[in-house]
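Input: a single structure, listed below in structure tokens.
Heavy-atom basis, side chains included; hydrogens, waters and symmetry copies ignored. Quick note on labels: first sequence line is chain A, next is B, and so on, each numbered from 1.
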Amino acid sequence: MKVPYSWLKEFCDPGIPAAELAELISMRAVEVERVSTVGPPSADGFVVGYVVSAEQHPNADRLRVCVVDDGEGERTIVCGAPNVATGQTVAVALPGAVMPGGQKLGKAKLRGVESAGMILAEDELELGTDHEGIMVLAEGEGAPAPGTPLAEVLPIAQEVLELDLNPNRSDCLGIYGVAREVHALTGAELKPPPWSEDAEATGSGSADDLARIEVEVPDLCPRFTARAFENVGMGPSPLWLRARLLAAGQRPISNIVDITNYVMLLVGQPLHSYDLDQVAGGMLVVRGATDGEKITTLDGNERVLDSEMVVICDEKGPSGGIAGVMGGRDSEVSNSTTRVLLEAATWNGPNILRTSSELGLRSEASTRFEKQLHPELTIRAQRVASKLICENAGASLLPGTIDVAIEPPATHVIALRSERTEAILGVPIPVGEAEENLTRLGFGVEREGDGLRVEITPERHFDVTREIDLIEEVGRLNGFDRLPRTLPAHGERGGLTRGQALRRRIEDDMRDLGFDQAISWGLVSPAVFDALRLDAADSRRHAVRVSNPLSEELSAMRTTLLGGLLDAARRNLAHGSERASVFESGRVYLPERAPGDGTSESGAFPGALRAPDREPHRVAAIVVGPLGPATWRGKSEAADFFTLKGIVETVASGLGAEAECAPFEGASVPRTPEEGRDVRAGAQPFLHPARGASVSFGGVEAGWLGELHPSVSAAWDLPAAVAFEFDVAPLIAAAPAGDEVYEDLMTHPALLQDIAVVVADEVPAERVVGVVREAAGELLRSAEIFDLYRGEQVPSGHKSLAVRLEFRARDRTLTDDEVAPVRAQVAEALGGIGGSLRE
Amino acid sequence: MSAKDRIEELKAEGTAAIATAADSATLEELRVRYLGRKSELTSILRGIADLPPEEKGPVGSGANRARKTLEEALDVRKSQLESGELDRSLAAETIDVTLPGTPPVRVGHIHPVTRTRREIEDIFIGLGYQVAEGPEVEHDYYNFTALNHPPGHPARMVQDTFYVDPASLPGDVVTREGLPPGPRDVLLRTHTSPNQVRSMEAHEPPLFIIVPGTVYRRDTMDATHLPMFSQVEGLAVAEDITLADLAGTLQEAARALFGEERETRLKPDFFPFTEPSVQVDVSCFRCNGSGALPSGERDGVCKGTGWIEILGAGMVDPNVFGFVKEHGYDPERVQGFAFGMGVERIAFLKHGVPDLRMFYENDARFLGQFS
């Protein structure tokens, strides 16, 4: 809302600079975005001049050489306007004046004649749009004296307060509403409202004789008022009116249209004018549109309507326009109009909002109507507009107002308790102050006990409906900025949950292990699922989808973090980096039933209604190239499966848990018939079929780990890459971190023995360790593989695994002799998987 | 020359030679020459048996003394030479200590949004708040209805909110009314505020929580708008929480985030689920509230106003309590405040990031600037 300060002052003049007022309004009422100036930045150098003579320029047909009296003396000004003539009083810019747009006027030679200034047209001062000729302020008697500052004659250099209104303050969508607010803020006198006087009805007959109104949808049109005017003289508006419209951001069109706009800006109620002779049958019907119904609006565009929209029809059809949004072309006023029907109606706010957004058509009218205006405003607008039309278009108002309305909403009368005010705000507000401020807002206020009884005005009817709303009014007018700063006195304990704290640990560990944290879009393109080679049966293709996405690129909720990591890796490699290591800690969104219990890590959230989907928290990472830094000592090796497995294990052990990696479940399928080695059918489609594993914590499968399938890497323009992704909930559940119990490992030291196990290549290391553990029994505390050998020392097709065994007993220090039988059991058990101990 | 004199001569000569031996090899030569099996001193000792009895004693003891003296001299010189040689050989092992270190890993970086979110969490944890979480795919009921958004409220428009295709949800999802989800019943939450109601349903007052999380708005991406971003919601409900408490709490938070000398101010604002509603501004940390830089230029961070808008807040609207009345939230008995701040916005202000999109490009050149 643009509020020209000069217009505001007509109703309430606080006597302070615009910037100071803007600050006050921002702090106590509504945000003032800026104070701008319409016209030149300053009125200095603009004066009234008198054209002493105007003669043809010797060297140019279209120019006149004028001698102008500027009050101090005579000066020569070359002027290009066809209408300049001797005896005119005109607006003059002297050299040194700064024009709108910032250009400083100087002396100039025009075709050999020096010109010391400029005679102005209205558009050059942003007072109007006319550039046909210069403004003639007066001719002959009564003209302002030459040298009079132009600002005393015309609203040049107008300061405009630009309000950024919240939807609840529709009262400030009119200048008078802002004036009332300024009155409340400053106490400066508020002039009577512009609707306190009505026009005299001098026309013959009555409005009812000329027009009839029928409202078929009273819930969507609670009030429709109309007045009729005859003998209307169409033409331009007077300069002062055009200047105000321009300053408020409205383009002048014609006197009748300008007046409807002017009244809308003043009162906050939009109006619409019809050429009564173009309203077929003299009848307007307000009805619901039909699906597919078409109408051509004022702007010349054809609009296709639906059945939730409201149209205004005459006998021929929906020529009146789209209710509350824009008038129809067929019934609009034109230069030949002589009879006008003036509409001021009340519409249903949400319905207007829906219509204007469905049609992509927002207008000054719709932005006001969508906030829900009070029916009382219609009559106010009719009164102000009627006077202006009679005064400025020579029209006569016909007696009577056509008024089709349902029962207006009952006035709110609200009790305001002083103690409640203090309890909410935290400071007492003297009842006298509250009474005065609410009265200034126009509310009817009476004392009631030690509180107030407040009757709310129509313009605040939809905003102030309860005691709490009055407390807001009292609080803001006292100044929220003046509130003391206190802290609640409460005995509540703050903190992270264990899951939240451990999630932070995981993130920090990933950082320390060499990964940058990425945050990717939760919304992804479904094309990612193809690029990840997910087949039709893969549940990860069945994502939660948005029905109104901005684009296909952001239309499905991610079901894996891998896509975002691949994007991040690609981006970094594309920018010249030779390596990338990024991780993400975030949710995926699975169309599954949300757990009712558990933790937020697994997607169980507080509240009576479960989440519509399941949103487990995951950690995932990708590495392309080496994880370690290249130094002057040389380059690190590119990260591979085991590097990343080591990362997962380190992160788990950082929380005191163990990561378990296993070949994917499922039936074996031969990779190649010749080799006879196999891969698992349950492998992830985006992983290398022979270099991937499942990841579990505490026996619960949580995710996967592996080298990416070459065609997946290629789809992201990457060389070989390794990645993992797992749910954090099982890891956190398996983590004893913080709950460890001390064990004495010092009194009886461990006995360490190394063994070398020779087994066939295809026997997994995990199996070997498993057999060793089982055979060794309780005395064995750990068995760690520390070497892998293939070569001359072992038969072909076999490998040798070196395993360090740690034996320990709680109550004694073990000896080699005591352990020897265990060793024998291990050797025997290994025989069961075709293995033997290499001595 | 008597044997005795010769012994003294050898001792003097040998001691002098040993004391000036230049290196270990010379010293070894001297040891062989004076103390070796073929040395003169050794032959003297060997020949003692042939000496007259009265000479045996003095020559023998003299020779042994000389031998001992020479051995000591050799030891002394040997250790002198060795330590010099170690010094020389260590000196030859010089390394260039100015070469860069070779860390076992290149330490990565926590995302600035995560870091800022944690910073906010920690401030409120210190003020006695718990950290709650809620779903991003959410029911209209929590996102709008129970937050006092009337039907037809502008925020509910398909132009502003992402709605979820009900066909893409599991079959047994139900909305509040017990109906399967319709085209507008499930959405991507537009703010973290749904968790006000979720948390109040789950916990009786007093309740002090913050809720960090990702939210979605149907905004086209540009330097200051993202369709997805992060917020931190705050909610404090007890019997006696006031707007002044909100002012004090947010001033503490603003000072913790932007510096102890910061001031805050509250201005009227509007949100459907708070009343009164306020906007909270913090005095500009760049120009210290003056609006101008030391050079006299207008400060671009606060646009020359000296103040920066950081969040929206207010007292919980009684209508919101009305939705959780049966969970112990009678609006005549409890009251409280709520606030919501944008994490990216705070990170963007704190770190002077020019374009919000940078937070989601995951470019190492950007991430690497934050630790």
Side-chain angles (χ1 to χ4, degrees), chain A residues 26-27 29 166 168 350 353 357 424-427 468 472 475-476 480-481 483-488 490 492 494-496 500 511-519 521-522 544-548 550 568 571-572 577 589 591-593 600 605-609 611-613 615 628-629 631-633, chain B residues 99 102 105-111 113-114 125 128-131 133-135 137 139 152 154 157-159 162-165 168-170 172-173 186 198-199 201-202 206 208 214 227-228 236 238 241-245 247-249 251 265-268 270 275-276 278 315 318 362-364 367:
Chain A
S26 282
M27 293 308 297
N166 282 316
N168 59 327
L353 175 64
S357 58
I424 293 288
L425 298 178
V427 285
I468 192 73
E472 176 171 60
R476 75 174 174 88
F480 289 149
D481 53 323
L483 283 173
R485 305 292 195 259
T486 55
L487 286 175
H490 69 91
E492 298 301 302
L496 293 174
Q500 288 162 348
R511 187 260 319 266
D512 294 345
L513 288 166
F515 293 80
D516 286 340
Q517 186 187 19
I519 301 182
W521 301 109
V544 175
R545 284 174 198 254
V546 169
S547 48
N548 58 334
L550 280 167
R571 179 181 183 88
N572 286 302
S577 177
Y589 311 86
E592 297 170 4
R593 193 172 162 73
S600 57
F605 302 112
L609 207 54
D613 65 340
E615 301 180 12
T631 72
W632 50 271
R633 281 180 165 164
Chain B
L99 279 170
T102 56
V105 289
R106 159 203 158 278
V107 172
H109 303 88
I110 291 291
H111 195 287
V113 167
T114 303
I125 287 169
Y129 289 67
Q130 302 265 343
V131 180
E133 289 166 88
V137 178
H139 298 281
M157 311 266 288
V158 290
Q159 286 81 356
F162 288 117
Y163 285 93
V164 168
D165 178 357
S168 71
L169 290 169
D172 57 353
V173 170
V186 177
R198 281 190 172 275
S199 292
E201 284 177 347
F208 291 81
T214 308
M228 180 189 110
I241 302 290
T242 67
L243 191 62
D245 289 337
T249 301
Q251 175 150 300
R265 64 177 191 185
L266 271 58
K267 297 154 77 170
F270 174 77
E275 188 81 12
V278 294
M315 297 299 286
N362 298 322
D363 192 315
L367 298 175

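Residue contact with chain B, scored on non-hydrogen atoms closer than 4.5 Å, is absent for A:Val427. Only the side chain of B:Val173 comes within contact range of chain A, judged by heavy atoms closer than 4.5 Å. B:Glu275 touches chain A through backbone and side chain together, each having a heavy atom under 4.5 Å away. In this structure, chain B has a heavy atom under 4.5 Å from the side chain of A:Tyr589, while its backbone stays farther away. Contacts between A:Asn572 and chain B at a heavy-atom distance below 4.5 Å involve the side chain alone, from C-beta outward. Within the 4.5 angstrom heavy-atom criterion, atoms from both the backbone and the side chain of A:Ala518 approach chain B. Proximity to chain B involves both the backbone and the side chain of A:Arg593, based on heavy atoms less than 4.5 angstrom apart. At a 4.5 Å heavy-atom cutoff, the contact between B:Val186 and chain A is made by side-chain atoms alone. Looking at A:Thr631, only its side chain comes within 4.5 Å of chain B, counting heavy atoms on both sides. Contact annotation for B:Val137: both backbone and side-chain heavy atoms come within less than 4.5 Å of a heavy atom of chain A. For B:Ile241, the parts lying near chain A are the backbone and the side chain together; criterion is any non-hydrogen pair under 4.5 Å.
Although no hydrogens or angles enter the test, the distance criterion places a donor-acceptor pair under 3.5 Å between the side chain of A:Gln517 and the main chain of B:His111. Proximity of a side-chain donor or acceptor of B:Glu201 to a complementary backbone N or O of A:Ala608 within less than 3.5 Å is detected. In terms of modelled atom types and a separation under 3.5 Å, the side chain of A:Asp481 and the main chain of B:Arg265 share no donor-acceptor contact. Checked by atom type and distance alone, the side chain of A:Ser547 pairs as donor or acceptor with a backbone atom of B:Tyr163 at under 3.5 Å.
Across A:Pro606 and B:Glu133, no two heavy atoms sit closer than the pair CD-O, 3.3 Å. Minimum interatomic distance between B:Arg198 and A:Leu609 (heavy atoms only, all atoms of both residues): NH1-O, 2.8 Å.
No other option in B:Pro318, B:Gly152, B:Pro268 has as many heavy-atom pairs under 4.5 Å with chain A as B:Pro268. The candidate with the highest count of non-hydrogen atom pairs below 4.5 Å against chain B, out of A:Ser577, A:Ala611, A:Gly628, A:Pro591, is A:Pro591. Residue with the most contacts toward chain B among A:Leu496, A:Leu550, A:Leu483, A:Asp512: A:Leu550 (heavy-atom pairs, distance under 4.5 Å). In terms of non-hydrogen atom pairs under 4.5 Å with chain A, the most contact-rich of B:Ala202, B:Gly134, B:Ala364 is B:Gly134. Listed options A:Ile519, A:Ile468, A:Asp613 were ranked by heavy-atom pairs under 4.5 angstrom with chain B; first place goes to A:Ile519.
Using bins of under 30°, 30° to 60° and over 60° for the plane-to-plane angle, the ring pair B:Phe208/A:His490 lands in the parallel bin.
In this structure, B:Val164 and A:Pro612 have side chains that are not in contact, with every pair of non-hydrogen atoms separated by 4.5 Å or more. Residues A:Glu615 and B:Pro135 meet the side-chain proximity criterion, which asks for heavy atoms closer than 4.5 Å. Counting heavy atoms from C-beta on, the side chains of B:Pro276 and A:Arg476 never come closer than 4.5 Å. With contacts defined as side-chain heavy-atom distances shorter than 4.5 Å, the pair A:Ser357/B:Met157 qualifies.
The CZ atom of A:Arg511 lies 5.0 Å from the CD1 atom of B:Ile110; values are rounded to the nearest 0.5 Å. Once rounded to the nearest 0.5 Å, the distance linking CG of A:Leu425 with CG of B:Asp245 reads 11.5 Å. For the atom pair CE of B:Met315 and CD of A:Glu472, the computed distance is 11.5 Å after rounding to the nearest 0.5 Å. Rounded to the nearest 0.5 angstrom, A:Trp521 CH2 and B:Asn362 CG are separated by 9.5 Å. Residue B:Leu99 holds its CG atom at 9.0 Å from CZ of A:Arg633, rounded to the nearest 0.5 Å. To the nearest 0.5 Å, atom CG of residue B:Leu266 and atom CE of residue A:Met27 are 8.0 Å apart.
Shown here are the side-chain contact (heavy atoms from CB on, under 4.5 Å) partners of B:Arg106, two or more places apart in sequence or in another chain: A:Asp516, A:Arg579, A:Ser581, A:Pro629.
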Evaluation steps, side chain to side chain contact (heavy atoms under 4.5 Å, CB included), between B:Thr249 and A:Leu487: CA-CA 6 Å; B:Thr249 301; A:Leu487 286 175; 3.7 Å; yes
